[in-house]
Visitor: 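Mind having a look at this structure? Questions to follow.
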Amino acid sequence: MKISIKITLITIITAAVLSLLNFIYKIGYEKIYWNHNEQFDELTKNKPNYDIIYLGTSRTYVHNNPRVIDSITGLSSYNFGIVGANLLEMNMWLELYLQNHHRPKLVVLELYLNAFNIEKKPFFDHTIYLPSINNPIIYNTLSEYRSVWIYKYVPFMELVEYDDYKKFTAFKSAFHGTEQTKHDLIYKGYLENRNKNASLDKLKANDELFTSNESGAKILNQLITTCKSSNIKLMITYAPEFFMANHTNTKTFFYYIAKVCAQQKLTFVDYRNSDICLDEKLFVDAEHLNKTGATKFSIILANDILKELKK
Amino acid sequence: MLFNSIEFLLFFPFVTLLYFLTPFKQRWIPLLLASCVFYMFFIPIYIFILLFTIVIDYYAGIAISKTEKHKKSFLILSIVANVGILAFFKYFNFFADNINFIAHKEIIPILNIILPIGLSFHTFQAMSYTIEVYRGNQKPEKHFGIYALYVMFYPQLVAGPIERPQNLLPQFRAKHKFDSVILFSGLRLMLWGLFKKVVVADRLAIYVDAIYSDPVHYSHYLNILIAFAFFSFQIYCDFSGYSDMALGSAKAMGFDLMVNFDRPYFSKNIKEFWTRWHISLSTWFRDYVYIPLGGNKVKTGRLYFNLLIVFILSGIWHGANWTFFAWGALHAVFLITYLSFGKHILKKENFLNNFIAVCFTFCLVTLAWVFFRAENFDEAFLLLKNFFTFNQSSAFTPMVTFNKIQFGISSLIVSVLMIAFTMVVEKLNSVTLSNFNTKKLGDVLFCSLILTLIIFLGVFQKNSFIYFQF
């Protein structure tokens, strides 16, 4: 057999098998109710419009309970918090929302100390976007920081990026027969944090550092401009955290945010000053509230939202 | 440049094509330039260290052949230059550290030195040239470019195999015609090496690194048992995977490099293991240290002493740390014990005896790897203590995390399956997979399967090869 024929055959067989595996992966992936899957469907496929959307990190999706907030405000809201997100991801999610929905009345943007660390880690988990790589907003954002063109033109190469856990979960789900039931802890993007209360030493966080960089500042500016030009109110928050949380270098971060908010005439609410930050029973770790803490916090947030909307 | 990188994916076909397109007599030029580029991907300035030893050894080789009276002096000059560079970059801080420790103060300052990549490999290869010229087994190479290529030939520059001048130098003058069958078998071997690296070694590395980086947390004996066994296969698949890629990339251009591994974990005793593991290094020590010390033509006590010396040297060749010393010494003890008593045990060859012997040898090798992998003795002894006392103070956790990468049940299952697959393929085929019938469809299916597994199950995090640090 000629070498050219052999290489062609190897390429065809490999491509066919991998395409089949990728097809099965996608079927399985679609069936899984991971929190970000439901949020992503809401962002790109489902069309209900919301009055308020929450953008932020894991602290957003375990703190901001739309069920509580909607009942107080009388408005409809959705939680688009995503684990480890920085401003790049938050801005991309806002653009995706606006691409598919009417503008909301208010965007509540929760920033964590890592919000500006875009160069260091642009995406917490970029693989969640690969199944939607053909969306121009996603493709353009990802390709600024990673070489993703191959996934657009050779889709099965995405398999390189998924870890064993994702592959096995998706394959199991694909062959499971019936779809898994929706996770009962998820409501409009909010995820109930049912972890047990942590011991006090776990409540002291000291890991993240704030480093302001040009690209982070530029994206924040872009996000503010998008909201202003679309006539959307923007409220920036810092989530409640246990009063003993031992973050370093926070002064620079809060000074920067306060300065930007003052210049742009935006509301900035720092929930570290809230009374709930003194009660260790409301936290599972230094930075994440439990279910009870989230309910208490959602009441406080709802009232602040009402004040913001009245302005 | 790493063999498992995008850069190499572009570099390799370009260099191979350029090699065959260049007129025969000038082919050393693109190869030498490519080798320089390959090396300079790490720390460019270090190419001057390589150049320094190349110049010394090149002229030493010529001088040795020209004079009978002073040839020993020129050999010593060459060895001092090579060993001196190795000693400075690799052992200076180790030496200083130990002196300072004994003196309880900093007598000798610790230098901020980064070890040139593959230094131990090309130094040993260069020394084998001058020694062979000295012994009269090799004529001196008059062509500076070809001699430089002997030291720098990119497929084996940074992690071997440590070639001998008699094997490699004539090949630079041989006329390699483009042969599609040879090219394909080279590509197949490279693919197999890549499979062992990214599917097996790099996956196992997540588990092993998690346990070794936090032995206090992962103290359950079953966690440790898995880590011990996984490291044995990790280091094998990492290093032999590199060697396969080296052999394959050289073969694609028509070069035959020395086979470095011959299914070592199927060895029935420790002596056999050392004829199958890192063959180019063990034969180097045999030819240039063990035999000059008297080899096995000495009294028993002296023989054991020679073996101890060779294995300790082999240990510290790997790294400037007492743990490598212990690893070498442990192997010497195993071998001496085998030579003294082991020959009389399981003498009868049958499947069960062979199976027990293979398992026992694997256990011994695995035990020694603990010292090779551990950062220090405290870590090694803590792991061994927890293992041998069947520690259950912490729960057995099949799922471990290292650098935010999770290794769960699914990874564990994949790892075991892939180890088994690797062992079966290597057991059923020749070492270089050269007994495939290239005319049959089975070859195509095998390559398709390997390529599919690499893309589907590969761990792509730009992990360097373990042996690069040596």
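Every chain is numbered from 1 and lettered A, B, ... according to where its sequence line falls, protein lines coming before strand lines. Because the structure is predicted, anything quoted here is derived from the model rather than measured.
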Visitor: Which value, rounded to the nearest 0.5 Å, describes the distance between A:Phe168 atom CZ and B:Ile413 atom CD1?
Guide: 6.0 Å
Visitor: Just how far is it from atom CD1 of A:Ile13 to atom CG of B:Leu449, taken to the nearest 0.5 Å?
Guide: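 Spacing of CD1 (A:Ile13) from CG (B:Leu449) equals 10.5 Å.
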Visitor: Is it the case that over 12 heavy atoms from other parts of the model lie below 6.0 angstrom from the CZ atom of A:Phe23?
Guide: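 Not more than 12 within 6.0 Å, no.
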Visitor: Give, for atom CG of A:Leu159 and atom CD1 of B:Ile455, the distance between the pair rounded to the nearest 0.5 Å.
Guide: 8.5 Å
Visitor: Are the side chains of A:Thr11 and B:Leu451 in touch, meaning some heavy atoms are under 4.5 Å apart?
Guide: no
Visitor: Find the distance between CG (B:Leu445) and CG (A:Leu9) and round it off to the nearest 0.5 Å.
Guide: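 Those atoms lie 9.0 Å apart.
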Visitor: Examine whether an atom of A:Val17 lies under 4.5 Å from a heavy atom of chain B, and if so say whether it belongs to the side chain, the backbone or both; otherwise answer neither.
Guide: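 Answer is side chain: those atoms of A:Val17 sit under 4.5 Å from chain B.
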Visitor: How about NZ on A:Lys291, more than 12 heavy atoms from neighbouring residues, nucleotides or ligands closer than 6.0 Å, or not?
Guide: no
Visitor: State the CD1-OG distance between A:Ile10 and B:Ser448, to the nearest 0.5 angstrom.
Guide: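 Reported value, rounded in 0.5 Å steps: 5.0 Å.
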Visitor: Would a 4.5 Å heavy-atom cut-off, applied to side chains only, mark A:Ile7 and B:Phe184 as touching?
Guide: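 A:Ile7 vs B:Phe184: side chains touch.
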Visitor: To the nearest 0.5 Å, how far apart are OG1 in B:Thr452 and CZ in A:Phe156?
Guide: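 Going from OG1 on B:Thr452 over to CZ on A:Phe156, the span is 8.5 Å.
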Visitor: Quick check: are there more than 12 heavy atoms from other residues, nucleotides or ligands sitting under 6.0 Å from CZ of B:Phe14?
Guide: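 At most 12 heavy atoms, drawn from other residues, nucleotides or ligands, come within 6.0 Å of this atom.
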Visitor: Working note: A:Ile3 + B:Val181, criterion side chain to side chain contact (heavy atoms under 4.5 Å, CB included); need CA distance, chi angles, decisive distance, verdict.
Guide: CA-CA 7 Å; A:Ile3 189 169; B:Val181 174; over 6 Å; no
Visitor: Could you tell me if the ring centre of B:Phe456 sits under 6.0 Å from that of A:Phe171?
Guide: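 That pair passes the under 6.0 Å test.
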Visitor: Would one find more than 12 heavy atoms of other residues, nucleotides or ligands at under 6.0 Å from atom CG of B:Leu21?
Guide: yes
Visitor: Please step through side chain to side chain donor-acceptor pair (under 3.5 Å) for the pair B:Ser410 and A:Asp164, ending with a clear verdict.
Guide: CA-CA 6 Å; B:Ser410 49; A:Asp164 290 349; 5.2 Å; no
